[in-house]
Amino acid sequence: MHTKGSHILNLRSIYAADGPLSGYLLHIPGTTMTTFFSFLHPVQLTASLASASLTRGLLTSWVTAVLIGQWLFAAYITVQFAAPWATGALSESTFSHMIKGHVAGDNIGNAVLLLHILPVMLISMSGVLQLIPYLRQHFPRFHRLNGRLFLTLGLCGALTGLWLTWGRDTRLSNIGAIGITLNGLLIPIAVAAAWYYARKRDFKQHSRFAIHAFILINGVWSFRLMLMGWYMVNQGPNGNNATIDGPADLFMSFACYLLPMAIAEVYFWSQRHPRCAITVISNSALLITAGMTAVGVFAAGVMMWWPRIAAGAL
């Protein structure tokens, strides 16, 4: 019976210095090392991509990038909205960069807007902590309480976001709002499933739907990462327009949550069926995800969040 590790071991053994593929290696005289070119051989490259240590490293890299991006976003929300609200300094200029911010005389709409924005600070700070294995293993009570807080606030954000989009007409175009609307409608489903399986103590299914809930609740955050990363790579808009319903905008409005959800399912597939080829596919997808997240966090941080944080701190 083959295990995940045995596939990697078999690949390495046939690629060893005295193995059947030894003729493809370029050895450094007097050592057992090979040059970098040996790593590029498909067999050795496959063995590396199927490594369990690579999976752990990629997940750690992705979580680290997410943590930096989420906490940077939380700092932006704190400086731009939470601090002025706490000190009574909120004004129409605070919301001037939004599609529809504070509207004089619209007490209900303004209250729902704040109820939608302010919890984002806690969502961004707490949600990513659920992804850290050490906290889950050593502080299970914190994990449970923090998870309930995150899911509750995420559900609140989805409902208020849907109302703001369609009840308050906070959108630039109808077609451009379809992606974010589907995002909002999927959040209650993922939250309910994650909560249901946690109560059933089916932790594999709970983890699966909790990850999907995390992705969906942070869908708009991911859209910002994709959009700013796209602008940075293209040195400006490319397939985008002012009403955010250009071809690139529409693609990203769905891809910001459907793509990471698909990649998460590939990862769960590799955990259920730990075969070499599946692990290679999963790790390749995780590599792309970690890279795109890092680029997006940098771009959004430089172009959107840090300038406002720096201005607010002065």
Steps toward side chain to side chain contact (heavy atoms under 4.5 Å, CB included) verdict (Ile178, Leu182): CA-CA 6 Å; Ile178 294 175; Leu182 177 60; 5.6 Å; no

Derivation and outcome, side chain to side chain contact (heavy atoms under 4.5 Å, CB included), residues Ile309 and Leu72: CA-CA 9 Å; Ile309 293 172; Leu72 190 60; 3.8 Å; yes

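- Linking Ile, Leu, Val, Met, Phe, Trp and Tyr whenever their side-chain heavy atoms come within less than 4.5 Å leaves Leu216 and Leu155 in two separate clusters.
- Between Leu113 and Met98 the shortest side-chain heavy-atom distance falls below 4.5 Å.
- Aromatic ring centres of Phe209 and Tyr196 lie farther apart than the 6.0 Å criterion allows.
- Across Trp163 and Val112, no two heavy atoms sit closer than the pair CE3-CG1, 3.7 Å.
- Taking 4.5 Å as the limit, every side-chain heavy atom of Leu286 sits out of range of all side-chain heavy atoms of Trp62.
- For Phe298, the CZ atom sits in a loose shell: 12 or fewer heavy atoms of surrounding residues, nucleotides or ligands are nearer than 6.0 Å.
- A continuous path of ILVMFWY side-chain contacts below 4.5 Å connects Val63 to Phe268, so both sit in one hydrophobic cluster.
- Taking a 6.0 Å sphere around CD1 of Ile77, one finds it holds more than 12 heavy atoms contributed by other residues, nucleotides or ligands.
- A donor-acceptor pair is defined here as one N or O able to donate and one able to accept, closer than 3.5 Å; no such pair exists between the side chain of Asn234 and the backbone of Pro237.
- Rounded to the nearest 0.5 angstrom, Tyr267 OH and Arg208 CZ are separated by 13.5 Å.
- Remark: side-chain polar atoms of Gln130 are paired, donor with acceptor, to backbone N or O of His143 under 3.5 angstrom.
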Stepwise side chain to side chain contact (heavy atoms under 4.5 Å, CB included) test for Val79 and Arg308: CA-CA 8 Å; Val79 170; Arg308 294 187 180 276; over 6 Å; no

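- Linking Ile, Leu, Val, Met, Phe, Trp and Tyr residues whenever their side-chain heavy atoms come within less than 4.5 Å leaves Ile288 and Val266 in two separate clusters.
- A donor-acceptor pair is defined here as one N or O able to donate and one able to accept, closer than 3.5 Å; such a pair exists between the side chain of Ser173 and the backbone of Gly176.
- How far CD1 of Ile281 is from SG of Cys276: 10.0 Å, rounded to the nearest 0.5 Å.
- Residues Phe150 and Val128 are not in side-chain contact: their nearest non-hydrogen atoms beyond the backbone lie 4.5 Å or more apart.
- Of the possible polar contacts, none joining the Thr94 side chain to the Leu90 backbone as a donor-acceptor pair under 3.5 Å is found.
- Of the N and O atoms on the side chains of Asn110 and Arg168, at least one donor lies less than 3.5 Å from an acceptor on the other residue.
- Within the model, atoms CG of Leu227 and SG of Cys256 stand 10.0 Å from one another, a figure rounded to the nearest 0.5 Å.
- Hydrophobic clustering (side-chain heavy atoms under 4.5 Å, transitive across Ile, Leu, Val, Met, Phe, Trp, Tyr) groups Val302 together with Phe73.
- Atom CG of Leu131 and atom CZ of Arg136 lie 7.5 Å apart (nearest 0.5 Å).
- For Arg148 against Trp195, the heavy-atom pair with the smallest separation is CG-CZ2, 3.9 Å.
- For Asp202, there are no side chain to side chain donor-acceptor pair (under 3.5 Å) partners two or more places apart in sequence or in a different chain.
- The backbone N or O of Phe214 lies less than 3.5 Å from a partner atom in the side chain of Asn218, making a donor-acceptor pair.
- When all heavy atoms are compared, the tightest approach of His206 to Ala198 is ND1-CB, 3.4 Å.
- Once rounded to the nearest 0.5 Å, the distance linking NE2 of His273 with OG1 of Thr279 reads 11.5 Å.
- When every heavy atom of Leu58 is checked against every heavy atom of Asn283, the shortest pair comes out as CD1-O, 3.3 Å.
- Counting heavy atoms of neighbouring residues, nucleotides and ligands inside a 6.0 Å radius, atom CH2 of Trp166 exceeds 12 of them.
- For the residue pair Ser124 / Trp221, no side-chain donor-acceptor distance below 3.5 Å is found, with atom types taken as modelled.
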Residue pair Phe203, Tyr197: steps toward the ring pair (Phe, Tyr, Trp, His ring centres under 6.0 Å) verdict: CA-CA 7 Å; Phe203 295 120; Tyr197 285 114; over 10 Å; no

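- Remark: Ile175 CD1 is loosely packed, at most 12 non-hydrogen atoms of other residues, nucleotides or ligands lying under 6.0 Å away.
- Val120 and Leu67 end up in the same hydrophobic cluster when Ile, Leu, Val, Met, Phe, Trp and Tyr side chains are linked at under 4.5 Å.
- The heavy-atom pair separating Gly219 from Asn183 by the smallest distance is CA-OD1, 3.3 Å.
- A distance-only check finds no donor-acceptor pair linking the side chain of Thr152 to the backbone of Leu149 [under 3.5 Å].
- Between the side chain of Ser282 and the backbone N or O of Ile278 there is no donor-acceptor pair closer than 3.5 Å.
- With a 4.5 Å cut-off on side-chain heavy atoms, Lys100 and Val103 count as touching.
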Working for side chain to side chain contact (heavy atoms under 4.5 Å, CB included), residues Val191 and Ile217: CA-CA 9 Å; Val191 167; Ile217 289 170; 4.3 Å; yes

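- Taking each heavy atom of Leu115 and Cys156 in turn, the nearest pair found is CG-SG, 4.1 Å.
- Put simply, the side chain of Trp71 gets close to the backbone of Met125: a donor and an acceptor are under 3.5 Å apart.
- Distance check: Leu129 CG to Gln70 CD gives 10.0 Å after rounding to the nearest 0.5 Å.
- Under the 3.5 Å distance criterion, the side-chain polar atoms of Arg171 are left unmatched by any main-chain donor or acceptor of Ala177.
- Side-chain atoms of Ile132 and Phe139, non-hydrogen and from C-beta on, never get closer than 4.5 Å to each other.
- The number of heavy-atom neighbours closer than 6.0 Å to OH of Tyr231, taken from other residues, nucleotides and ligands shown, is above 12.
- Legend: side chain to side chain donor-acceptor pair (under 3.5 Å) pairs involving residues 247-259, not counting sequence neighbours, sorted by first then second residue: Asn240-Asp249.
- At least one donor-acceptor pair closer than 3.5 Å links the side chain of Asn241 to the backbone N or O of Asp245.
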